[in-house]
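Since the structure comes first, as structure tokens, the remarks are kept for the end.
Letters A, B, ... are given to chains in the order of the sequence lines, protein chains preceding strands, and every chain is numbered from 1.
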Protein chains: 2
Amino acid sequence: MNLKVVFYSVGKLTKFLGALMAIPCMVSLAYREPDFLPLGISAALTLFSGYLVEKLSSRAKDEEIRHREAFAIVSLGWVVVALFGAIPFLLGGTFSSFVDAYFESMSGFTTTGATVLTNIESQTHGILLWRSFTQWLGGMGIIVLGIAILPKLAVGGMQLLAAESPGPSPERLKPRIAETAKIMWGIYLLFSFSEVLLLKLTGLSLFDSFIHMFSTMPTGGFSSHTLNIGFFDRPGAETVITCFMFLAGGNFALYYYFLKGNPRRLFKDSEFRFYSFVMIAAILLVTFNLWGGTYKSIWSSFRYAAFQVVSINTTTGFTTQDFDLWPSLSRGILLLLMFIGGCAGGTAGAIKNMRILILLKKGYQELLRLVHPRAVIPVRLGGRPVQEAVIAGITGFFILYILVFLVSSLILMKLGFDMVSSVAASAATIGNVGPGLGLVGASKNYAFFSPLAKGILSLNMLLGRLEIYTVLVLLVPSTWRK
Amino acid sequence: MNLKVVFYSVGKLTKFLGALMAIPCMVSLAYREPDFLPLGISAALTLFSGYLVEKLSSRAKDEEIRHREAFAIVSLGWVVVALFGAIPFLLGGTFSSFVDAYFESMSGFTTTGATVLTNIESQTHGILLWRSFTQWLGGMGIIVLGIAILPKLAVGGMQLLAAESPGPSPERLKPRIAETAKIMWGIYLLFSFSEVLLLKLTGLSLFDSFIHMFSTMPTGGFSSHTLNIGFFDRPGAETVITCFMFLAGGNFALYYYFLKGNPRRLFKDSEFRFYSFVMIAAILLVTFNLWGGTYKSIWSSFRYAAFQVVSINTTTGFTTQDFDLWPSLSRGILLLLMFIGGCAGGTAGAIKNMRILILLKKGYQELLRLVHPRAVIPVRLGGRPVQEAVIAGITGFFILYILVFLVSSLILMKLGFDMVSSVAASAATIGNVGPGLGLVGASKNYAFFSPLAKGILSLNMLLGRLEIYTVLVLLVPSTWRK
């Protein structure tokens, strides 16, 4: 492991983070709130720390980044960014405990949206903006990670996306990442500004429009209101947010081709079709489960079902209703959706539709193999056979995902929490969803957990966000051998 | 599909079942109970029906049994045997509803031990014996299925056991099965009589000793008492039952080598070691979770933890305490054990340790592959590399198992049952355990479910018992093509 290269990249990343912290600082100044000072100090501290580390390891600037260094940069990058991102919350007095500040920051940068903030409405504009902005920045990282970095590293079957990734395809990692990142961020910015505009048109304030766009695009879930999107009670805003959540949960590489005049590539994509199918099926099932009992009219049932299903399945975690009060089938479907998530190459978390689809096809293929023991029947996606290495990577991912989920659930039970809450809190943090069921239901938050539990849940968010492998690989001894 | 061959074999099986029904009939006579008449009629009816079908399809006697016919014989065999096994319950007046009688019979023959019988103590000796005996017969079928048939059919990675299966290894299925069955049933009988003897020595009546041996050896769980094993409150009997449950959950092929003077093969077996490790770890975790809170002394905590853990992990389902009142960690561990089950080649159900172990190794192998992309790192079991086809079969099995579990859970939630009960009832029936949590907890039974729910739960038992694939294969259209 070439640690110099790792430190150099993480230092550079931290420097950028410091520069970006100037934005909430300026907003604070514009609102004439006293928070500009802690935000300014945080920005300076972050910028300087990043600059210092980058400078100290600058000799590694042109050294090669091998797979193992890439894993370390990504994992350490997220941990360090969340660390510096917590400083404004501490200096600004949002949280008195470091664990709380770190949890909120990690929740933001992993685009989870699980909150430990109990007095949201009394926060300043600067802090609320920073809190939501962490998600938007995290989302930028995730898109590049999913489309340019993980496919190259062959993490959990992500190599399947390599063919779709726009930009040149050189052997070395760095030039390709930069090129792809530029294209993807362009699309991300385009969607972001479109959503702000549309939200403003539905009657939200400019500040609220930005805050909630910063949560929608990265499928985060933080809101400036305790009642979340339910606070507005506006079908217009709900529709805009639902559409952009759905978009954010799709594959951004395919949007690139769509915008370049090739919409077929999006609509013919197996994962996108499966993603849409799961979404529609879940909305219908929940609508009919709610209709008559929970809500009188089919329109209300559909309205709340659609918003909550899209929100949970894209792992956003926005809410307009307390779905923990819904019948067990609806709650069960939402819990299951927390495991499925969006598409690879988007900002959604969890297992993702591409993997679920291939796992299902694998199950069916094995069934066929029993009837035709001598036939060669490959798993196909979009007509083309899927490589065995991709299936193996996905299988391994699924096993480790379930394992992390089970271990986390049992630890929470050990800490004394009930089964449903433990299971839902684990699923909602590993899947980067945010709200779960029971104690962490839609109308609740994560503030009551002990520091130990918060630590475990923060680790869940990191593991889930970085596709488990990226972090766990650093625990394998041979990763560190010369 | 050659249906004649299928009918011939199922007819023969039914004929044997009819002959075996004479046993409870004779017990009924010995106890001078009026039940000898319905039991006798059932025996005659079953014997005659089996004989008739066998005779009508006798032209197929020497025809070849291909893979697809083998799947059909096994699946149809279990369905038909459960059907005839339900007749004594109907004629004897144990149940007035066919669904209840069929549920109880399917629960017996699949060695699940989930009961819909609410007045156990008021049943006659003949009926109670038949009820327990169905499990013991099911266990005989399962051992042959697991050691001789499924490895040949390459179901869900079971081909891994082919090397261990004693007896000759001819290409055609029939002679090998007969040979292996004889050896395995010898061991099964030896263990069965040993357990009856030991139970008698601990002070149980001869009838109770037989009844509970008939439940232990096939890891069933039916008892002649509503309080189950807790009724006796005898540490001696609990110890005997715990030991035999543990034995029954192991691989019978390895016991063959053990008895032939080769104990190393058992103690060096990776699956047996993992099975023992999981068991000990779970007992310790539950003991310390119970100690101080649920039970005052560490001895009581250990006593109840050990019995319940071994019972659930071997998918027996005997109980001495209502573990649904235990803290959530203990309940969570028991729920997890319902998915793990015993070893392949024993009478336990669920996913089984061999598969869990290989899945975990696969997860770690994929982690290593990321660090060493060019290295060839096979998954090894007991020092030998595991074939890719075995891993693929296990992966497919795991996917389908989880899928059946999820679909069943959601259907139960749709029928209005709470999440924990729905999940536990599904896990406990697919895993052939018996008791679950919540509404189907240790002190409860399955009687309150609607006929539709009972039908789904019966199907779960069948699917789980026949390793999912065996049944699902019959739904693939090409299985039926000429």
Toward chain A, the part of L475(B) with a non-hydrogen atom under 4.5 Å = neither
inquiry  = Measuring from atom CD1 of I394(A) to atom CD of E366(B), what distance do you get when rounded to the nearest 0.5 angstrom?
reply    = 10.0 Å
Part of V155(A) within contact of chain B (heavy atom distance under 4.5 Å) = both
query = Taking only heavy atoms into account, what residues of residues 467-474 of chain A are found under 4.5 Å from chain B?
reply = Y469(A), L472(A), V473(A)
remark   = Cut-off 4.5 Å, heavy atoms of chain A, and the answer for L359(B) is both
ask   = Heavy-atom distance under 4.5 Å to chain B: side chain of L368(A), backbone, both or neither?
value = side chain
key: F448(A), CZ atom: more than 12 neighbouring heavy atoms under 6.0 Å   = yes
request  = Would you mind reporting whether V420(A) and V420(B) have side-chain heavy atoms less than 4.5 Å apart?
outcome  = yes
query = Contact part of L403(B) toward chain A, heavy-atom cut-off under 4.5 Å: side chain, backbone, both or neither?
reply = side chain
ask   = Relative to chain B, which segment of L367(A) carries a heavy atom at a distance below 4.5 Å: side chain, backbone, both, or neither?
value = both
Heavy-atom side-chain contact between M419(A) and L335(B) under 4.5 Å = yes
inquiry  = Using a 4.5 angstrom heavy-atom cutoff, name the option from G332(A), P373(A), A392(A), S409(A) with the most pairs to chain B.
reply    = A392(A)
ask   = Take atom NZ in K361(A); do more than 12 heavy atoms of anything else shown fall under 6.0 Å from it?
value = yes
message = Heavy-atom cut-off 4.5 Å, strictly under: side chain, backbone, both or neither for F397(B) against chain A?
response = neither
inquiry  = Out of D418(B), I333(B), V476(B), L370(B), return the one with the most heavy atom pairs under 4.5 angstrom to chain A.
reply    = L370(B)
Selection from G393(A), A154(A), G416(A) maximising heavy-atom pairs under 4.5 Å formed with chain B = G393(A)
query = Is it the backbone or the side chain of L329(B) that comes under 4.5 Å from a heavy atom of chain A, or both, or neither?
reply = both
Heavy-atom pair count under 4.5 Å with chain B, highest-scoring of I411(A), I402(A), L400(A) = L400(A)
request  = Mind checking the NE2-CZ spacing from H372(A) to R68(B)? Nearest 0.5 Å is all I need.
outcome  = 6.0 Å
query = What's the spacing between L410(A) CG and L285(B) CG if we round to 0.5 Å?
reply = 8.5 Å
remark   = Honestly, the part of L437(B) sitting under 4.5 Å from a heavy atom of chain A is side chain
